[in-house]
Amino acid sequence: MSIFKAIQDLAHKKEMRESKDEILFGEIIRYIIINYGPLVELETMLGDRKRAKFRLLSHHLLHSLHIELNRHTGSGLLTDATIGSYASITMTAEVKKYVADPDDALEMYKTAFSNIAKIPLLGGIKIRHQMNSIFAIKMEHFKIGDVIENQIEERKNIGHQIESMIKDLCDQLKDYKK
């Protein structure tokens, strides 16, 4: 093996290690488009964060769904080998509420105070109000390497994880839909 080939292999492995989160994000986008509705916004932010917004055309409760993928570890050879490649998915579901009466404003303040103790990082779902929208936010962590190495099996697991998160968010939001 020539030294040029060895350098190419190292560069390829580095590129593959850094793009695992992009592959995973593509799988998430594919799943949501097929099962829920079109992608309407896509954004790559500073660092290893990616965000997408979907418009759920036929969902009985949700108006839109926001997904943010944030890779925490695994961008370097040492961290990938020792710790692995971990990321978090933050999912935000939106319900539109077009009626704005004074009782809704009181409900917004009650929700804001109840959110103080909730931490999405620990599995808690936060509810956030805006004038005509109500958002539920949930975060989950997982290992990226498992998804990339076992694509067929893990595609099913990604689907189950997304469905589980959407169900949890819908359970929290169903009382707000009028």
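- Here CG of L42 is found 5.0 Å from CD1 of I29. Values are rounded to the nearest 0.5 Å.
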Derivation and outcome, side chain to side chain contact (heavy atoms under 4.5 Å, CB included), residues R49 and E68: CA-CA 7 Å; R49 294 173 47 191; E68 183 176 318; 3.0 Å; yes
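- The structure places CD1 of I127 at 7.0 Å from CD1 of I125, a figure rounded to the nearest 0.5 Å.
- If you take CG on L169 and OG1 on T92, they are separated by 7.5 Å, rounding to the nearest 0.5 Å.
- Note that the CG atom of L56 and the CG atom of L65 stand 5.5 Å from one another [nearest 0.5 Å].
- The hydrophobic clustering, which links ILVMFWY residues whose side-chain heavy atoms are closer than 4.5 Å, places V95 and F135 apart.
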Criterion side chain to side chain contact (heavy atoms under 4.5 Å, CB included) on H66 and M91, from CA distance to verdict: CA-CA 6 Å; H66 306 252; M91 188 178 289; over 6 Å; no
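- L62 places none of its side-chain heavy atoms less than 4.5 Å from the side chain of E94.
- When N70, I162, I28, I158 are each tested for a side chain to side chain contact (heavy atoms under 4.5 Å, CB included) with I89, only one passes: I28.
- Atom CD1 of I32 sits about 4.0 Å away from atom CD1 of I67, to the nearest 0.5 Å.
- Contact annotation: the side chain of E22 approaches that of K50 to within less than 4.5 Å [non-hydrogen atoms, C-beta and beyond].
- Proximity of R128 to I137: side-chain heavy atoms (C-beta onward) are separated by under 4.5 Å at one or more points.
- Counting heavy atoms from C-beta outward, I33 and F54 have side chains that approach closer than 4.5 Å.
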Worked verdict on R55 versus H63 for side chain to side chain contact (heavy atoms under 4.5 Å, CB included): CA-CA 6 Å; R55 175 69 172 92; H63 177 264; 3.5 Å; yes
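- Legend: side chain to side chain donor-acceptor pair (under 3.5 Å) pairs involving residues 158-167, not counting sequence neighbours, sorted by first then second residue: Y31-E163, Y36-E163, E140-Q161, K167-D171.
- In terms of the salt bridge (Lys or Arg N to Asp or Glu O under 4.0 Å) criterion, K53 has no residue partners (sequence neighbours excluded).
- Between P38 and L57, the shortest heavy-atom contact is CD-CD1, 3.7 Å.
- Atom CE of M139 is separated from atom OG1 of T90 by 3.5 Å, given to the nearest 0.5 angstrom.
- No hydrogens or angles considered: a donor-acceptor pair under 3.5 Å links the side chains of S133 and K96.
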